[in-house]
Amino acid sequence: MSLRDIADRADDFRRLHETGCFVMPNCWDVGSAMMLAGLGAKAIATASAGLAATHGLPDGGVGRDLALAHARAVVAAVDIPVSADLENCYADAPDGVAETVRLAAETGLAGCSVEDKRHGTAEFYDAAHAAERVAAALEAAASVGRPFTITARADGYLGGGYDLDEAVRRAMAFAALGAPCIFVPGIPEGDALRDLCADAGTAVSHLTGIDKRGASVEDLAALGVRRISTGPMLHRVAMGAAALAAEALLDDGATSALVEKPGWGAASAAMKPG
Amino acid sequence: MSKGATSRAAVFAELHRSGCFVMPNAWDVGSARMFARLGAPAVATTSAGFAFSKGNRDWVGVTGRKAALDHAREMVEAVACPVSADLEDGFGPTPEDVAETVRGAIAAGLAGCTIEDTTGDPDAPIHDFGLAVERVSAAVETARTAPGPFMLTARSENFLHGRPDFDDTLRRLQAFEAEGADVLYAPGLPDMAAIRTLCAEVSRPVNVVIGIRSAGYTVAALAEAGVHRISLGSALARLAYGAAIKAMRAAMSTGDFAPTEPALSFAEIEDLIKAGTP
């Protein structure tokens with residue numbers, strides 16, 4: 001079986017941002033990417049925190065080489081568009097961001113994200129520098145020769161760097177520069193999100209399941225959200241299930257958690273051939 | 001050879017001398033560190049779980065010697081406790097193939113490994129008795145060249161390959177014991193009576209896997225039956241991927257993001273991994 005053309009997947013990904021609302025689950029390794037694709041996801045994203053955890057690294061511990069090698073492996077394993085969580089694009093200066101975007105496009109990714117947080121720290125770039133970085137990413141994406149969808153993120157609201165008003169101002173500035181997708185992780189799922197979607201003039205991505213049950217797909221679509229990202233949620237669910245079972249076994253010798261388990265066949269069926 | 005390999009191997013050998021211990025199987029560095037932090041005295045690799053994580057759909061025989069040993073080395077470096085590797089059939093039919101694999105296992109710093117009597121051929125899945133014994137003999141001979149103890153687990157796989165013949169399985173494990181195998185293992189035994197009989201009929205430690213038929217037996221019940229070591233095979237990996245997939249499937253069908261499975265927080269995952277780091 002041959003995989004679909006990278007350019008076709010990139011076109012599909014851009015079109016997904018033009019109308020409606022879609023869910024883009026985040027994988028943490030190649031196997032999970034294939035299983036999520038097998039469930040019928042229209043596109044898939046990598047997750048820096050999940051990738052780091054599989055390697056035993058803290059969030060922010062992954063560097064550019066590992067992130068891009070992982071992205072390349074996921075692109076080669078599934079048939080749908082893949083967008084990579086590339087943190088701050090592993091560079092402070094705009095030309096470094098552009099370089100990462102060019103390398104990301106070479107892996108066959110349909111897009112990637114650019115954060116305004118310095119890698120491995122809790123420091124945020126000032127608004128002007130953050131905007132220059134997004135502009136550089138967009139310029140690099142424009143010379144790829146096919147759609148390469150940049151998601152411009154304002155992470156300071158979730159990360160404690162600035163308030164919601166500043167996050168919205170930054171996201172709007174990124175939209176004004178031409179970002180095809182903007183993202184304010186942690187934005188409350190009410191008027192703030194509705195207003196952002198109404199005013200941005202571009203697609204808005206939204207992170208679900210950060211720490212509690214959030215709005216449904218239907219609710220988010222009604223607010224104007226184009227894309228729903230699961231972030232690290234699925235990897236956390238996976239590790240949580242394994243940790244609870246292992247703890248019960250090691251502490252109490254109990255094996256009941258292992259009685260009801262997904263069948264071998266079901267796991268196989270969920271994994272699409274690549 | 002990784003630092004501390006000999007002392008870890010000694011710890012691993014000691015674990016088999018009395019009582020019964022649980023050895024969770026991890027599929028990546030993060031899960032290995034998590035199980036170490038949760039108190040696992042040793043961790044094992046799982047060829048099927050590793051294949052899941054890499055997206056290989058044929059669970060058996062796709063990894064290859066180099067990839068399996070590279071993965072094993074990465075796991076040894078990831079945790080401070082002993083690591084035993086699932087090395088499938090030893091990656092080749094001949095006794096020399098098996099010996100080469102065990103040499104690589106020792107060099108990777110493993111405290112032990114498992115070798116199956118499988119062929120990889122669906123039409124004739126199990127090696128003939130004589131060759132199976134020669135393969136274990138070669139594995140044991142190589143294991144004895146390790147600078148310290150190296151726990152060689154010899155597996156008889158009849159019950160996983162449509163040959164539910166307990167007598168043949170027992171005869172094989174007894175022959176493996178006579179060749180010097182340190183641990184004996186027949187995955188998929190039908191019930192506790194079979195497990196109890198096996199433990200009574202051999203004098204080396206017996207490994208039982210939970211998650212294939214024997215799910216539901218408690219550690220206490222298996223220990224009472226004479227089992228020294230309990231491994232999980234791919235059960236924990238299937239549980240982990242299964243929980244995430246079930247959560248996503250539910251979200252896709254209902255539109256509701258309300259995972260029914262308990263999720264670990266970011267901080268919990270990070271703390272477990274950090275605390276499990278040697």
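Below, chains carry the letters A, B, ... as their sequence lines are ordered, and counting in each starts from 1.
Proximity to chain A at a heavy-atom threshold of 4.5 Å picks out B:Val22, B:Pro24 from residues 17-24 of chain B, in numerical order. For a heavy-atom cut-off of 4.5 Å, chain B lies close to A:Val217, A:Ile228 in residues 217-229 of chain A.
Closest approach of B:Leu236 to A:Ala242, counting heavy atoms only: CD2-O, 4.0 Å. Of all non-hydrogen atoms in A:Ser216 and B:Asp256, the two that sit nearest each other are CB-OD1, 4.2 Å. Residues B:Pro41 and A:Leu250 come closest through the heavy atom pair CD-CD2, 4.3 Å. B:Arg33 approaches A:His55 most closely through the heavy-atom pair NH1-O, 4.4 Å.
Within a 6.0 Å sphere centred on NZ of A:Lys117, heavy atoms belonging to other residues, nucleotides or ligands number more than 12.
Remark: of the listed residues B:Ile210, B:Leu232, B:Ile230, B:Ile210 is the sole one forming a side-chain contact (heavy atoms from CB on, under 4.5 Å) with A:Thr255.
Separation of atoms CG (A:Leu234) and CD1 (B:Ile245) is listed at 7.5 Å; rounding is to 0.5 Å.
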What side-chain donor-acceptor pairs closer than 3.5 Å can you find for residues 29-46 of chain A, not counting sequence neighbours?
{"from": "A:Asp29", "atom 1": "OD1", "to": "A:Gly31", "atom 2": "N", "distance (Å)": "3.3"}
{"from": "A:Asp29", "atom 1": "OD1", "to": "A:Ser32", "atom 2": "N", "distance (Å)": "2.7"}
{"from": "A:Asp29", "atom 1": "OD1", "to": "A:Ser32", "atom 2": "OG", "distance (Å)": "2.9"}
{"from": "A:Asp29", "atom 1": "OD2", "to": "B:Tyr241", "atom 2": "OH", "distance (Å)": "2.4"}
{"from": "A:Ser32", "atom 1": "OG", "to": "A:Trp28", "atom 2": "N", "distance (Å)": "3.0"}
{"from": "A:Ser32", "atom 1": "OG", "to": "A:Asp29", "atom 2": "N", "distance (Å)": "3.0"}
{"from": "A:Ser32", "atom 1": "OG", "to": "A:Asp29", "atom 2": "O", "distance (Å)": "2.9"}
{"from": "A:Thr46", "atom 1": "OG1", "to": "A:Asp85", "atom 2": "N", "distance (Å)": "2.9"}

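Legend: residues meeting side chain to side chain donor-acceptor pair (under 3.5 Å) with A:His70, ordered by chain and number and at least two apart, are absent.
Of the two parts of B:Met252, only the side chain, counted from C-beta on, holds a non-hydrogen atom closer than 4.5 Å to a non-hydrogen atom of chain A.
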